[in-house]
Each structure stands twice: as structure tokens, then as C-alpha cells.
Engineer: 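After the C-alpha cells below, expect a handful of questions from me.
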Amino acid sequence: MSLAETLVPAAPADAMEKVRAALAAKPDGVIEAVAREHGVSTLAVLEATPDEQRLYIAAERFEALWQELSSWGTVLFIVHTPDIVLECEGSLPVGSFGHGYYNIHGDSPIGGHIKAGNCKAIYLVDRAFHGRRSCSVQFFNGAGEAMFKVFARRDEARELLPDQLERFEALQRSFA
């Protein structure tokens, strides 16, 4: 049983066959778009990608992982819902728990209050996106939907920043 199936009811087998076919046809497509097209969770689609493209991290590691990500400098923070893909570049402020939230405030455009207790899974995702390698840390809720994602940034030539790529690959090694 996949993690997605432990969080939400299993997607119908025929839907998952169509998901796998869609990923085979366009392996660098948008995971959320595939999920919505086939009526399954974003996490179910992510788990249908090849194993080497994703690495599971237990949600209990939320704070430790956030603390690590806060040392990366300016990252790309994305919230992707059916209505908006919000992209914000900034550093992740060090946070703290209080009043049921993980509170992040600092000298960054990224700030607010995260219901960290709703995070049920975290994945390191290393896959192509529109033909280029993309590295992200994705946080999922109990419905199998991405709460938010933190991406390694790119330089002017659209290449991943070497220091952030090195940190991402170090995370992969440490959680493998």
C-alpha cells in the first residue's frame, strides 16, 4: 500500500493506469495537472513517478527539515492550488511552534503561519520539469495535496544554483 493510499482512499486502478500513461507520455509534466485530469490526489501521481525521482521523509521531521531549508538563502516557495500557482522568492525564516501553528516571521517576503500538524508526508523530488532538472522539497497534507513546495533556484542561464543543488543532494543522501 502506498503512502497516498494510507492518507486518502485508493484511486481506482483504471485512473492510476491513465496516470502512469500520462506520465510516460510527458514525464516532465505538472503533477497537479495530471492529478486533476484523472481525479486522483497529487500525492498519488507523485508516487506513480519512478522511485529515483522522489524520496519520502516522515512528517515528524518537519521542523528539522525547515531549519535546514532556512539556511539555503533565497529559495523559490510555491503554493499550487486549483486556483493559483503562487511563486515567491525569499529566504525561509526560522520558525517556532505556537498556538497550533509553525510561525515564520523575519526579513523575507515569505512569512505566516503553517498548520504543521496537517503535514502528513514530505518528499524530496528530483525530476525534470519542462525539460530541465528540478529539485524541490514538497510538503503534503492528509488529503494527499501539496501544502507548499520549496524549490532550489536557478541562475540567469536557468541552471540550478550549485550551492542549493549541493544542499539538496546532501539531503537526499542523509535521508536515503
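Heavy-atom basis, side chains included; hydrogens, waters and symmetry copies ignored. Start at 1 with the first residue, then count along the sequence.
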Engineer: Between Ala22 and Val34, what is the shortest heavy-atom contact and its length?
Structural biologist: CB-CG1, 4.2 Å
Engineer: Is the backbone of Glu17 close enough, under 3.5 Å, to the side chain of Asp14 for a donor and an acceptor to pair up by distance?
Structural biologist: no
Engineer: Could you tell me which non-hydrogen atom of Phe97 sits nearest to which non-hydrogen atom of Asn103, and how far apart they are?
Structural biologist: C-ND2, 4.1 Å
Engineer: Taking everything shown except Asp107 itself, do over 12 heavy atoms lie less than 6.0 Å from its CG?
Structural biologist: no
Engineer: Quick one: does Thr74's side chain have a donor or acceptor within less than 3.5 Å of a partner on Gly90's backbone?
Structural biologist: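 No: the side chain of Thr74 does not pair with the backbone of Gly90.
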Engineer: State whether the side chain of Glu68 and the backbone N or O of Leu171 hold a donor-acceptor pair below 3.5 Å, judged by distance alone.
Structural biologist: no
Engineer: What distance separates Phe148 CZ from Cys88 SG, expressed to the nearest 0.5 Å?
Structural biologist: 13.0 Å
Engineer: Mind checking what makes salt bridge (Lys or Arg N to Asp or Glu O under 4.0 Å) contact with Glu159, not counting sequence neighbours?
Structural biologist: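 Salt bridge (Lys or Arg N to Asp or Glu O under 4.0 Å) check on Glu159 returns Arg132.
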Engineer: For residues Ala24 and Pro27, report the shortest heavy-atom separation together with the two atoms involved.
Structural biologist: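 That would be O-CD, 3.7 Å.
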Engineer: Under a 4.5 Å side-chain heavy-atom rule over Ile, Leu, Val, Met, Phe, Trp and Tyr, are Val30 and Val45 clustered together?
Structural biologist: no
Engineer: Arg154 versus Leu161: any side-chain heavy-atom pair under 4.5 Å?
Structural biologist: no
Engineer: Following the transitive rule for hydrophobic clusters with a side-chain heavy-atom cut-off under 4.5 Å over Ile, Leu, Val, Met, Phe, Trp and Tyr, establish whether Leu165 and Phe151 coincide in one cluster.
Structural biologist: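 No, it is not one cluster - the side chains of Leu165 and Phe151 are not joined through contacts under 4.5 Å.
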Engineer: Checking Arg36 side chain against Ser41 main chain: does a donor-acceptor pair fall under 3.5 Å?
Structural biologist: no
Engineer: Looking only at non-hydrogen atoms, find the nearest pair between Ala15 and His38 and report the distance.
Structural biologist: CB-O, 3.8 Å
Engineer: Do side-chain atoms of Arg54 reach the backbone of Asp126 as a donor and acceptor pair under 3.5 angstrom?
Structural biologist: no
Engineer: Is a side-chain N or O of Gln67 found less than 3.5 angstrom from the main chain of Val94, in a donor-acceptor match?
Structural biologist: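 Side chain of Gln67 to backbone of Val94: no pair is present.
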Engineer: Do Thr42 and Glu145 have a side chain donor and acceptor closer than 3.5 Å?
Structural biologist: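 The answer is yes; a qualifying pair exists.
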Engineer: Between the main-chain N or O of Trp72 and the side-chain N or O of Gln164, is there a donor-acceptor pair closer than 3.5 Å?
Structural biologist: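 Present.
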Engineer: Taking side-chain hydrogen bond (donor to acceptor under 3.5 Å, both in side chains) as the definition, give me every residue that meets it alongside Lys18, ordered by chain and number, with sequence neighbours left out.
Structural biologist: none
Engineer: Using a 4.5 Å cut-off on heavy atoms from C-beta on, say whether the side chain of His80 contacts that of Ile31.
Structural biologist: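 The answer is no, as the side chains (C-beta and beyond) never meet within the 4.5 Å cut-off.
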Engineer: Heavy-atom distance under 4.5 Å between the side chains of Ile114 and Trp66, does that happen here?
Structural biologist: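 With C-beta onward as the side chain, the pair touches.
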Engineer: Short question: side chain of Asp28, backbone of Phe129 - any donor-acceptor pair under 3.5 Å?
Structural biologist: no
Engineer: How close do Val19 and Ala48 get, heavy atom to heavy atom, and via which atoms?
Structural biologist: CG1-CB, 4.0 Å
Engineer: Can you find a heavy atom in the side chain of His113 that is under 4.5 Å from one in the side chain of His105?
Structural biologist: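 Yes, close enough: below the 4.5 Å cut-off.
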Engineer: If we only count heavy atoms from C-beta on, is the Leu160 to Arg153 side-chain gap below 4.5 Å?
Structural biologist: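 Counting from C-beta outward, Leu160 and Arg153 never come under 4.5 Å.
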Engineer: What I'd like to find out is whether the side chain of Leu76 reaches to under 4.5 Å of the side chain of Glu87, using heavy atoms alone.
Structural biologist: yes
Engineer: Side-chain heavy atoms under 4.5 angstrom apart, residues restricted to Ile, Leu, Val, Met, Phe, Trp, Tyr: same cluster for Leu69 and Val79?
Structural biologist: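 As far as the 4.5 Å side-chain criterion goes, Val79 and Leu69 are connected within one cluster.
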Engineer: Do Ile78 and Leu86 make a side-chain contact, defined as non-hydrogen atoms from C-beta onward lying under 4.5 Å apart?
Structural biologist: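 Side-chain contact under 4.5 Å: no.
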Engineer: Check whether any side-chain heavy atom of Phe175 lies under 4.5 Å from a side-chain heavy atom of Arg61, and answer yes or no.
Structural biologist: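 The answer is yes; the side chains approach within 4.5 Å.
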Engineer: Would you call Arg20-Glu47 a salt bridge at under 4.0 Å N-O?
Structural biologist: no
Engineer: Of Phe139, Tyr101, Phe140, which meets ring-ring contact (aromatic ring centres under 6.0 Å, His included) against Phe62?
Structural biologist: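 The option that passes is Phe139.
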Engineer: Is it true that Ser136 and Arg127 share a donor-acceptor pair across their side chains at a distance under 3.5 Å?
Structural biologist: no
Engineer: Walk me through whether Ile104 and Leu92 qualify under side chain to side chain contact (heavy atoms under 4.5 Å, CB included).
Structural biologist: CA-CA 8 Å; Ile104 53 173; Leu92 297 180; 5.8 Å; no
Engineer: Taking everything shown except Glu166 itself, do over 12 heavy atoms lie less than 6.0 Å from its CD?
Structural biologist: no
Engineer: Provide the closest heavy-atom pair for Ala59 versus Ala121 in the form atom of the first, atom of the second, distance.
Structural biologist: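 Heavy atoms of Ala59 and Ala121 come nearest at CB-N, 3.8 Å.
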Engineer: Please round to the nearest 0.5 Å and tell me the distance separating atom CD1 of Ile122 and atom CG of Leu65.
Structural biologist: 5.0 Å
